[in-house]
Amino acid sequence: MNELLHTQFESVGFEKEFGFQLLKMEDVFSFTPSTKKNPFKPHRINFFTVLLLVEGEMTHEVDFIKYKMTGGDCLFISKGQIHKFDKSPTYKGYGLIFTEEFIIHHVSPSAYSKINLLYNHHLNPSRFKDFGDRDIIVHSLKRELSLEQGKIKADVIAALLTVLLLKAQLNITNKLKSDNEQYDQFRQFQKFVAAKYMDTRAAKDYAIFLNITYKQLNKLCTAFTEKTAKEYISDYMMLEAKRQLATTNLPVKQIAFACGFKEVTNFLKFFKKNTDTTPMQFRKSRS
């Protein structure tokens with residue numbers, strides 16, 4: 001079974017053929033000591049998730065931000081983020097989970113670009129209110145998953161999922177669209193930061209990677225995030241440090257090196273400056 005399944009959903013698992021599953025939240029809560037991942041503790045996911053709350057209230061934490069949700073709310077969690085469920089689950093709903101490979105292989109390029117924008121949590125809200133036809137689409141997904149349709153099953157599921165995600169995407173009030181050339185350039189900047197933040201924190205280096213000037217990079221970054229490129233890089237590094245502290249038992253020294261700090265003392269100063277706490281204090285607060 002794919003390593004992607006080593007999550008809180010592993011006891012149920014993806015549809016083996018194509019990497020999609022629709023789960024009741026109560027199935028997620030069936031945690032036992034033998035389960036490798038505790039859904040009530042921070043854990044990182046390597047797939048995409050849509051949480052659909054049907055009834056009740058919940059507080060769901062994603063990347064250290066708490067989202068209060070009521071019946072009808074939806075929460076989008078991106079690949080690479082960390083999250084945890086409410087410890088006292090008295091609510092009902094569904095979790096739609098799917099791999100990046102599923103989207104790439106079964107969704108059209110034009111729809112993929114819009115879905116990509118929806119899941120860019122640096123730009124858009126993670127939580128949405130109920131949107132048109134959501135329950136109808138979920139009902140259709142449940143029905144199709146119960147049928148034997150051979151090779152076209154994945155395509156049918158992908159079509160329904162695409163409609164649901166595009167309906168959600170219509171709720172985005174962000175004026176910047178996925179077909180904007182600047183957006184493509186900004187996405188490239190994001191990818192460079194994710195791949196190279198361990199090697200360099202200098203915004204000028206990323207301008208070189210993009211073959212634009214430092215001034216152009218700052219203008220680009222400010223347009224999308226209201227942050228300078230230096231601030232975006234710093235925030236990204238801070239988030240990655242927090243993710244590792246919350247989800248691993250790695251020594252602080254090792255995390256410092258993984259974040260590109262040659263001296264642990266510099267990492268400690270950086271962390272303290274941005275959080276008013278030490279890495280160990282932060283880790284203890286998340287346990």
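Numbering of residues begins at 1 and proceeds along the displayed sequence.
Linking Ile, Leu, Val, Met, Phe, Trp and Tyr whenever their side-chain heavy atoms come within less than 4.5 Å puts Leu245 and Met198 in one cluster. Tyr232 and Ile208 end up in different hydrophobic clusters when Ile, Leu, Val, Met, Phe, Trp and Tyr side chains are linked at under 4.5 Å.
Among Asp184, Ile212, Leu210, the one residue that satisfies the side-chain contact (heavy atoms from CB on, under 4.5 Å) test with Phe189 is Leu210.
Taking the ring centroids of Phe186 and Phe224, they lie under the 6.0 Å cut-off. Annotation: Phe192 is not in aromatic contact with Tyr206 [ring centroid separation under 6.0 Å not met]. For an aromatic pair to be called close, the ring centres must be under 6.0 Å apart, and Phe48 with Tyr119 satisfies this.
One finds the NZ atom of Lys142 at 13.0 Å from the CG atom of Leu147 (value rounded to the nearest 0.5 Å).
Thr277 and Phe271 make their closest contact through O-CD2, 3.4 Å (heavy atoms, listed as atom of the first residue, atom of the second, distance). Pairing each heavy atom of Ile82 with each of Arg243, the nearest pair is CG2-CG, 3.9 Å.
The closest side-chain heavy-atom distance from Gln185 to Leu220 is below 4.5 Å. The closest side-chain heavy-atom distance from Lys92 to Met25 is not below 4.5 Å. Using a 4.5 Å heavy-atom cutoff, the side chains of Val54 and Tyr94 are in contact.
Glu100 and Lys79 are joined by a salt bridge, as a carboxylate oxygen and a charged side-chain nitrogen come within less than 4.0 angstrom of each other.
A donor-acceptor pair under 3.5 Å is formed between the side chain of Ser285 and the backbone N or O of Phe282.
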For this session: Please report the C-alpha distance between Asp199 and Asp205 in whole Å, then the side-chain angles of each, then the deciding distance to 0.1 Å, and finally whether the side-chain contact (heavy atoms from CB on, under 4.5 Å) criterion is met.
Result: CA-CA 10 Å; Asp199 303 319; Asp205 289 340; over 6 Å; no

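Listed by chain and number, the residues in a ring-ring contact (aromatic ring centres under 6.0 Å, His included) with Phe261 are Phe267, Phe270 (sequence neighbours excluded).
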